[in-house]
Number of protein chains: 2
Amino acid sequence: MDMDERKLRILQAIIDDYILTGIPVGSRTISKKYDMGLSSATIRNEMSDLEELGYLDQPHVSAGRIPSTKAYRLYVDTLMRNGRIQSDTADSIRALFQGRISQMEDVIDHAAQVISSLTNYTAVVLSPKGVQPRLETIQLVPIGQGMALVVIVTDSGIIRDNVIRVGREMDQDTLYNISRALTGELRGKTLTEVCALMPNLIERMRENNEVLEGIYGCLSSDQQSGRRTHMAVGGTSNMLAYPEYNDMDKARNFLSLMETRDKLAEIIQGNGEMAFTVRIGPETGVPEMSDCSIVTATYSTRGGQQGTIGVIGPTRMRYSRVLGILIAMGHELTDLFSGDGDSRSMKGGTL
Amino acid sequence: MDMDERKLRILQAIIDDYILTGIPVGSRTISKKYDMGLSSATIRNEMSDLEELGYLDQPHVSAGRIPSTKAYRLYVDTLMRNGRIQSDTADSIRALFQGRISQMEDVIDHAAQVISSLTNYTAVVLSPKGVQPRLETIQLVPIGQGMALVVIVTDSGIIRDNVIRVGREMDQDTLYNISRALTGELRGKTLTEVCALMPNLIERMRENNEVLEGIYGCLSSDQQSGRRTHMAVGGTSNMLAYPEYNDMDKARNFLSLMETRDKLAEIIQGNGEMAFTVRIGPETGVPEMSDCSIVTATYSTRGGQQGTIGVIGPTRMRYSRVLGILIAMGHELTDLFSGDGDSRSMKGGTL
DNA sequence: GTTAGCACTCAAAGCGATCGAGTGCTAACA
DNA sequence: TGTTAGCACTCGATCGCTTTGAGTGCTAAC
């Protein structure tokens, strides 16, 4: 027995229906709602075949069929009606960034909000990371009380700042001179290289010991704490609206997973090289998510760093719609961050 | 009929028991578990009185009694065993800030995590706001591509930064000179005053028009967008563990309230002048929270700005424990932010 | 004032009957 | 050979009934 054209059409109808309603689909439903010109009995035979082929599951003998992971996979890979996003949705995404948004964090938070409300699933947006950035400028700004702000600018336009102690006697000009010297010495090096060179510099510029130690401290703490990635999550409560999360324990598990940010970031990041990914149920690799799917897309900044946008929903997700929205959002963010020269910022917490 | 010593003791027992178990308390439970030397019949009479006085409610006639809002109020105000916090809990709070934490955002996120896991309720922490800060320094840092970072430092140690466009021909020195001029002109003024003066300055320093416009733009956008307060929420999933949130709709409502950050901030901020507040059920003023209680405490920074820590839980909250933890955390944060001179930073997103 | 006893109430749990959506199989038909 | 009508069968969901038990209020006795 083999897959034929008609089986595919029936399978598609079943998946479409199940994604819509969330209740197991019976043969009669298919023969009535989607007019295939076939009686329910015939559909029944086909469904039985499809089950044998592993595309359908049956919760119990007197219930309809539900698509298996394999079916969703097929659906996403070949069956899915091309997710040409509604042009009004695209417009609404674009419109949402019209207003002046200055901080990358805000953009990311906003994006998560927007995606979750457009899709009605849970959205996660991760700030860019990637390529080792190179130092552009380093500058000290006095902030009083014997403290100074270290501003580190890299070629990817990403800025890191941190407060350090400096002696009371350091005024704005002294700090500026130190800044110039450092920038001259270190420009163009990657941050790891800068870190490696610092002990040397501290030797050479003895008189500014405290300041350099401070800068070194904050650089290396960043290095070790790895990539401080900003992450925004939106619409976690959306999931509770789906009947598959009527079970309280399940809901709680899901929510607490959404709260453990490190793990969540790791899951979403995934094998983040692809422009977009769809992971269905067990493919997520997360046991707690065996009945969720994760769709991700990426966006990039002018420095070539990559950020990730993800949507988490039930396996019966509206894949085409979600993909469309994510890709549109990815383009929008790429435009926004690719330094097309408007007054928007690309400051971010990442290093 | 009046409140007497014995009634109080019984009421206290009922509240204690209900807080612990969450199920309506019967007369027999009280007479057995808390040995008052009274039979269930006597307790029954007293409970009937307490109900008449408005301290107890009865879900239905053959169920036990549950404390009313009035009872909790009495409990919090006078009955509650003083919440001397367990010394090991205090230690664990202190320990949690031993590690080097450099950004205020991180401290706040961390604090929310810690409080929610110590209390098992939902925790909210708001960054400081208050007193209009005065300008200390303003400095421009070139970041390439004809862009510059504007760093604005105020007397409260709070820093704001933003990216603006400058002409390509602006090098580090030029920018530094503009910075000095501006700082000289504007130091000591509140940010509102600075905003008001800017148009004037733009007139006078024609040649640097673009730069000044940029600075003005980011200042005034901050002014209008109000106080950008950072907020961290932790342990929202904790609430689902309480039987009062077994109802899915209720749970969803609660969660989506937790997601509307503006509203949540407003609720927690409340009448934030007091060192701590306890709002019970309807006292929260939020219809969706009529069966929650909110406990808040404040902490402050060296600039005299006040931040708020809050816990949201069911009305049958372990008030004394929560209050103890919040107050301890408040002290800890105040120490941390009061500029006791260690290398920790107080950079924050607020202006 | 306290307590034992008792009738009463009512939500929750248990139980069986019924319903109905859906299946698989068979036999007839084109 | 593929399609369809028909029918027996399955089994979760629903409804209504009974039972159970926690808890009350009241009364009468101590």
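Below, chain A is the first sequence line, B the second, and so on; all start at residue 1.
Checked by atom type and distance alone, the side chain of A:Glu259 pairs as donor or acceptor with a backbone atom of B:Thr236 at under 3.5 Å. For A:Asp17 (side chain) and A:Val25 (main-chain N/O), no donor-acceptor pair under 3.5 Å exists by modelled atom type. Judged by distance alone, the side chain of B:Lys70 and the main-chain N or O of B:Leu53 form a donor-acceptor pair under 3.5 Å. Listed for the B:Arg44 side chain is no donor-acceptor partner under 3.5 Å among the backbone atoms of B:Ser39.
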Task: Steps toward side chain to side chain contact (heavy atoms under 4.5 Å, CB included) verdict (B:Asp249, B:Arg252) - done: CA-CA 5 Å; B:Asp249 280 337; B:Arg252 220 170 65 248; 3.5 Å; yes
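Under a cut-off of 6.0 angstrom, the local environment of CZ in A:Arg316 is crowded, with over 12 non-hydrogen atoms contributed by other residues, nucleotides or ligands. Residue B:Glu51 places its CD atom among more than 12 non-hydrogen atoms of other residues, nucleotides or ligands, all under 6.0 Å distant.
We find that CD1 of B:Ile43 is positioned 18 Å from P of D:dA22, with the value rounded to whole Å. The nearest whole Å value for the distance from the CD1 atom in B:Ile30 to the P atom in C:dT3 is 15 Å. In this structure, B:Met47 places its CE atom 15 Å from P of D:dA22, rounding to the nearest Å. Protein atom OH of B:Tyr18 is 13 Å distant from nucleotide atom P of D:dG23, rounded to whole Å. The distance from atom CD of B:Glu46 to atom P of D:dT24 is 13 Å, rounded to the nearest whole Å. Taking atom CD1 of B:Ile23 as the reference point, atom P of C:dA12 lies 12 Å away to the nearest angstrom.
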Task: Contact pattern, 5' to 3', of nucleotides 25-30 of chain C - B, S or - by protein heavy atom under 4.0 Å - done: ------
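Between A:Leu56 and A:Leu11 there is a side-chain heavy-atom pair separated by less than 4.5 Å. Between B:Ser68 and B:Arg73 the shortest side-chain heavy-atom distance does not fall below 4.5 Å.
Over its full length, the helix from C:dG1-D:dC30 to C:dA30-D:dT1 turns its helical axis through 20°, comparing axes from the five pairs at each end and rounding to 10°.
Within residues 54-62 of chain A, the residues that place at least one heavy atom under 4.0 Å from DNA chain C are, in residue-number order, A:Gln58, A:Val61, A:Ser62.
Under 4.0 angstrom from either OP1 or OP2 of C:dT3 there lies no side-chain N or O belonging to B:Arg28. For C:dT2, neither phosphate oxygen OP1 nor OP2 lies less than 4.0 angstrom from any side-chain nitrogen or oxygen of B:Thr42.
Checked against D:dT24, C:dG24, C:dG22, the side chain of A:Thr29 finds its nearest nucleotide in C:dG22.
Each of A:Thr315, A:Asp57, A:Ile15 was compared with A:Pro67 under the side chain to side chain contact (heavy atoms under 4.5 Å, CB included) criterion, and only A:Ile15 meets it.
Of all non-hydrogen atoms in B:Cys292 and B:Tyr245, the two that sit nearest each other are SG-OH, 3.0 Å.
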